[in-house]
Every structure is written in C-alpha cells, then in structure tokens.
Amino acid sequence: MNGVKKLKSESTELPDCVISHIFSMLSLKNLVKTSALSKQWYREWGFRKDLNFDLQNLFDFNTIPDLPITLPLFQRFQCQFATRFDYFMQKYPGVIIRSIRVNFPLGADHTYAIDRLIRKGLVKGANRIELLFVNETDFQINQFRFVFPFLFGSNSLTYLHLQNCCIEATMDFSGLKNLRTLVLHQVPVKQNILQDLCLNCIHLENFTLNECTFISDLRITSSMLLHLNINCGRIITNRNIDIIAPKLLSIEYSSDCFYHLRIVNIKAHMLSKFSYRSINIFNIGDFSGLKNVTTIVFDGIRECLQCHVVSHLFSKCLQLEDVTFKECNIKCDMKIIGAKLCRLRIIDCPYKNHCSYKIDIDALNLSSFEYMGHTFMRPIISLKAPKLSKVFWDVGPRMEDIYNFDTIARLHLLQDLTMNMGRPQISELKKDLVRFQHLTQLKLFIVGAYKPDMDYFWILDIAMASPRLKTLSLTIQNEHTEISHMVESQRQRREYVRFIHNGLKYVELHGCVCSIDVIELASHLLRSATLLKQITLSSCHNYYIGAGRWNMDSHGCCWFERNVIHEHLKDEVNEHCQLIIL
C-alpha cells in the first residue's frame, strides 16, 4: 500500500497513458485500493481487461505460500479466496473484459461466486476463460459442475480451459458456437458429452484432452478441427477412440502407463503431423490412417522398433518427409527406406542386451540426419543419402565409439555439421574433419579432462580446409577447470603463422573460455579471418543434444573474467568486427 500512496504523491504530472501502464502492473488487491486515494482514479482500475485471480493477485503475496494443512483452515481459505474475487467482480467498473483466469483449488461449494464471475465476464465480452481448480492438497474437493445456462445464445468466447471440474450431462453447448480452442484437464469425459460438444462447437479448431478420465469409448467427429492433443498421463483406462475430422492437420498423443486410450480408427485425409509418446505401439490400431502424414515422432516405445514400427511405417506412410525416433528400443537390425524422406533423427535409442545392431538407411532425398546413441553400445550405420548436407552426430565419450564416424566422413558435400565429442577422440577425428571442403557451418562440443599439451589450432586447420565456412561455434567443457586456468595463466601464448581465412564471418566460443589456449584461438581468428564480423565469448555451455533440444547450462566456467579476456583480445579487434563478452 505504501507504493500506491507514493504513486499518488508523484503522479499528478504524469500522462494518463503512463498512469494506466503503471496500474496494469499492480496486483488486483492494490488496484482496488487506488480508487480510495483519488476521485480521478475511481474508475481507472476498470481499464484492466485481463483479470487473473490467484494468490499473488488477491492476497498480494510476494511468494506463493503453503496452503493450510488442516481441512477447516483450508476450507476457510477457499471461502476467503472466493469472497475476494466475487467482491472484485461486483465492484468492477470496467466496460470490457478480455480474459478471466482463476488459478486456485475451488469446488462445488463456491459455485455462487464462479457462476457470477463467468456471467459478468461473458456479458462484458470475455473471449478467454480459464478455470484452473488444480488440487495439489490431500483434501477431497467436490468438483465444480460446469452447467452455465447463461451460455445459451451467442457470446464472444473463443478459448475455454477447464481443470478439475465436471461437465454436466445436461450441459447445452449451443452458446459455444464461437469457441476455437477447448482444453479439458482432469475432467471426466464420456461420449454423449463429447458428441454434443462436437455438434455445437462448429468452429472448434484446437482440442486438448489432458489427464482426463474416459468413462466410455469415444468418437470425435468434427468438420473444422485442426489440432488434437491427447495426454493420458498416468490415468489407467482401457478405452477406444475413433477420430473423424476431414480438416485435421496434427495429432499429439502421449501416455505414461500401459493401459490407456487406443486409437482404433483415424479418418483425416489432411493429417500431416503425428506425434506419439508411449511405451507400446498397440494403441495405434492401423497405420493406414497415417498414410498422408509427412512428419512423425515416436518417443519412448519399448517394443521392437523395427518389427512394430519401421516395417509398417515406411510401407504405408509413403509421404513421410520428417521422422524422429527418440528413446525407442532397438532390438534387431533396422532398415529404413524412404523415397521422400528428407529429415531423420535417431536420438537416445537403447539396444537390447547391449548388442550392436546395424541401421541401414536408404533415402535418396535425405538432406538432414541426426544421431545420438546409447552411452554403452552404438550401432553400425550405413548411409545411402547422396543429398545429405546437414548432420548432427554425437560421437560418444569413449575412444572405441569413434569407428562409426567414418560413415559421415565419406560425405564430402556436407555443408552443416554439429558434433559432440570427447577430448580423447580429437587426435583421430581431426584427420577426418579436414575432409569437408563444402562446410558453411561447424558447431563442436568438446568434453573431457584438461591436457596442458593440447591446443585448439587443429580447428584452424579445419577452417582452412573449408573455404566456404561462414559460422564456427565451439563449446568446451573442461574437467578441473581451476587447474587449467592456474597452469595456462603462467605460460606464453603460442603462434600459428599459417592460418588465413577469407570467408568466416561469425564465431562463438562457449564454456571454459578463460583458458589461454581458447584466447590463442580467438586471437588468431581475429587477426587472420579477414571478413570476420562478430566473435562472441560466453561462460555458458551452449550445445545441441538432438531433436530440437539445446543444453543451456549457465555454470560453464569456474572463474569467468571478462576483463582478462578483453585485455588479451582488445588490440586484435578491427573496426569491422565486434567483440562480445557475455
């Protein structure tokens, strides 16, 4: 409240737009208090169009407190919460409400306040409502029953999110004709409700079922649905679902248990993207429903990938362009043949009994390939992909894992290479890396124990062998970095007189960049890369781990001294290049 009083004393000369912006950052509790300080501000708080009712807004807590641990105190706190947002809505002077969000474990006992909240919100034009009654306590709460007879007729509601409540069987969905997005989270669902919903929500485009209890088999029939997301979570069920949606573009399905919703039939001829995360594959009744899919992701399958997925996938889904296998079991040799396949990712897939199997890939149009294997056993990979230009390859931490890289080393037309490697492998790998004459982008992540006799001049050799190289990124993770800094700070910088490059424009150095050998590398790049525009040094570990994921570890260097790096490099920077030290 002191901050509000201070605002009064200092804001008499502020423009109205500035005052409105300041009010937009106040909690709802303090927002109401401003009306008592000035007649000018009496209706100012009515300009808040997005109403978010949670503990921080209604009780002005700086941190979220623990809820009461006894049932009587918890029920009293529930009533206090409901009373506060009910009073707010009764006094709210605004003409327009854009969105309403309630995030607190309320239930059937608070129907009076919830109904009034939504009724007034719809009257004032709310297009987004979120009722998040998530219950993370040990207390049993009678679920709020979503009926709302005032939804009859037209309204502006386009987004509705319901969590931990019930939809009444008598619910009339005719008032939701403008609804575009519906999210049901921890809501009991049965066919008659789903049928009425699909029939009346004629503009529904995005539908999510998240950890819902399925009381019966389901049939989703919608002429306008574009995106469907089904997350069974840990809910144990044994139900079937049919999906009939002629305009459906994507399906995301996930489950954390063995018994869950089984997709029996898919009739969606425009379906182009399918994502499936589950321990088994039998929940897809027939791959024929995916025949037009171009992008597909399989995650966490514990059945044999070749027998239950690959053998059917590439024979029935002939339009596939983008395929990802992530953390799926490989139990036998695998053969992938895809005439239209352009992008393939095999990430963190373990092998049964630690046996090394073969993966044969025959894809004439394959342009991008990502591989990150199991820690202890890696397959023998053969590639028939003449158009392959982009590769992510995790070599693995052990010296014996290096043999497989020969498959990639033969791809002389490679333009974009990202590699994760161990420090002991550098002596062998640098012999192959100088063979890529068409590289335009190179990203390396190196991890391992520090060695005083090792430098990074071999990276300059790779750059000189790749005259088209435009972008170079190096992330270094040293073990015992305090030793590397202590030892190297005492020695003289070394020179590498042969290096010159006329194409390199951008360089990024991440991780342990305080060591002298990294500063030596940066110095040579600044002096001899004639077109260099920018070089960035950062102590954060920033490296790719496959399937669109990045590791952004903020604790990369044991003692990052910006001034030390600047003193070493400031005289090397010319007027055309920018030195950035983060």
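Any value given below was found using the heavy atoms of this structure, including those in side chains, with hydrogens, waters and symmetry copies removed. Here the structure is a predicted model, which means the values were calculated and not measured.
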N/O donor-acceptor pair under 3.5 Å between [X] side chain and [Y] backbone:
X: Arg98; Y: Ile96; value: no
X: Arg343; Y: Ser368; value: no
X: Asn365; Y: Ala339; value: yes
X: Ser538; Y: His510; value: no

For the atom pair [atom1] ([X]) and [atom2] ([Y]), what is the distance rounded to the nearest 0.5 Å?
X: Lys190; Y: Ile215; atom1: NZ; atom2: CD1; value: 5.5 Å
X: Phe53; Y: Phe88; atom1: CZ; atom2: CZ; value: 5.0 Å
X: Gln306; Y: Leu313; atom1: CD; atom2: CG; value: 10.5 Å
X: Cys328; Y: Met334; atom1: SG; atom2: CE; value: 9.0 Å
X: Gln80; Y: Gln75; atom1: CD; atom2: CD; value: 14.0 Å
X: Tyr276; Y: Leu290; atom1: OH; atom2: CG; value: 11.0 Å

Handout entry: From CA spacing to verdict: salt bridge (Lys or Arg N to Asp or Glu O under 4.0 Å), Glu321, Lys340
Key = CA-CA 6 Å; Glu321 298 176 0; Lys340 294 188 176 182; over 6 Å; no
Answer with yes or no whether the side chains of [Y] and [X] bring together a donor and an acceptor at under 3.5 Å.
X: Gln143; Y: Asn164; value: yes
X: Ser156; Y: Asn127; value: no
X: Glu205; Y: His203; value: no
X: Ser99; Y: Asp50; value: yes
X: Glu370; Y: Tyr544; value: yes
X: Thr137; Y: Asn135; value: yes
X: Thr295; Y: Asp322; value: no

Any side-chain heavy-atom pair of [X] and [Y] under 4.5 Å:
X: Leu131; Y: Ile118; answer: yes
X: Val183; Y: Leu162; answer: no
X: Arg549; Y: Ile347; answer: yes
X: Phe74; Y: Pro105; answer: yes
X: Ser254; Y: Ser278; answer: no
X: Leu51; Y: Ile97; answer: yes
X: Phe85; Y: Leu117; answer: yes
X: Arg219; Y: Gln191; answer: yes

Practice task
With side chain to side chain contact (heavy atoms under 4.5 Å, CB included) as the test, would you mind laying out the steps for Tyr371 and Asp394 before giving the verdict?
Solution key: CA-CA 6 Å; Tyr371 178 78; Asp394 186 292; 5.8 Å; no
Exercise for the section: Decide side chain to side chain contact (heavy atoms under 4.5 Å, CB included) for Met372 and Trp393; before the verdict, give the C-alpha distance in whole Å, the side-chain angles of both, and the deciding distance to 0.1 Å. Expected result: CA-CA 6 Å; Met372 185 174 186; Trp393 190 270; over 6 Å; no
Exercise for the section: Find out whether the Lys NZ or Arg CZ of Arg239 is both under 6.0 angstrom from the six-membered ring centre of Phe214 and within 45° of the ring's axis. Expected result: no
Practice task
Evaluate side chain to side chain contact (heavy atoms under 4.5 Å, CB included) for Thr418 paired with Tyr543, printing each intermediate quantity in order.
Solution key: CA-CA 9 Å; Thr418 300; Tyr543 59 95; over 6 Å; no
Problem - Leu182 and its side-chain contact (heavy atoms from CB on, under 4.5 Å) partner, picked from Leu176, Thr158, Leu197 - result: Leu197
Over all atoms of both residues, closest heavy-atom pair of [X] and [Y]:
X: Ile263; Y: Ile266; result: CG2-CG1, 3.5 Å
X: Gln186; Y: Cys212; result: N-SG, 4.1 Å
X: Glu327; Y: Asp299; result: CB-OD1, 4.2 Å
X: Ile330; Y: Cys349; result: CD1-CB, 3.9 Å
X: Gly107; Y: Ile141; result: CA-CG2, 3.8 Å
X: Ile193; Y: Glu168; result: CD1-O, 4.3 Å

Crowding at [atom1], [X] (>12 non-hydrogen neighbours, <6.0 Å):
X: Asn292; atom1: CG; answer: yes
X: Lys291; atom1: NZ; answer: no
X: Lys124; atom1: NZ; answer: yes
X: Lys49; atom1: NZ; answer: no
X: Gln90; atom1: CD; answer: yes

Exercise for the section: Give the C-alpha distance, both sets of side-chain angles, the deciding distance and a yes or no for side-chain hydrogen bond (donor to acceptor under 3.5 Å, both in side chains) between Gln163 and His161. Expected result: CA-CA 7 Å; Gln163 182 174 2; His161 186 167; 4.6 Å; no
Handout entry: Pair listing, ring-ring contact (aromatic ring centres under 6.0 Å, His included) test, anchored in residues 107-127, at least two apart
Key = none
Practice task
Test Tyr506 against Thr471 for side chain to side chain contact (heavy atoms under 4.5 Å, CB included), laying out the working first.
Solution key: CA-CA 5 Å; Tyr506 302 97; Thr471 303; 4.3 Å; yes
Handout entry: Phe274/Tyr253 aromatic ring centres below 6.0 Å
Key = no
Problem - Salt-bridge contact Arg116-Asp86 (side-chain N to carboxylate O under 4.0 Å) - result: yes
Handout entry: Lys335/Asp362 salt bridge by N-O under 4.0 Å criterion
Key = no
Problem - Worked verdict on Lys470 versus Asp416 for salt bridge (Lys or Arg N to Asp or Glu O under 4.0 Å) - result: CA-CA 10 Å; Lys470 298 287 191 298; Asp416 189 331; over 6 Å; no
Practice task
With sequence neighbours left out, write down each residue that passes ring pair (Phe, Tyr, Trp, His ring centres under 6.0 Å) with Phe104, or none if nothing qualifies.
Solution key: Phe77, Phe81
Exercise for the section: Describe, in one word, how the ring planes of Phe298 and Phe325 are oriented to each other, choosing from parallel (under 30°), tilted (30 to 60°) and perpendicular (over 60°). Expected result: parallel
Practice task
Tell me, with the steps shown, if Asn231 and Asn210 meet side-chain hydrogen bond (donor to acceptor under 3.5 Å, both in side chains).
Solution key: CA-CA 5 Å; Asn231 175 22; Asn210 189 7; 2.7 Å; yes
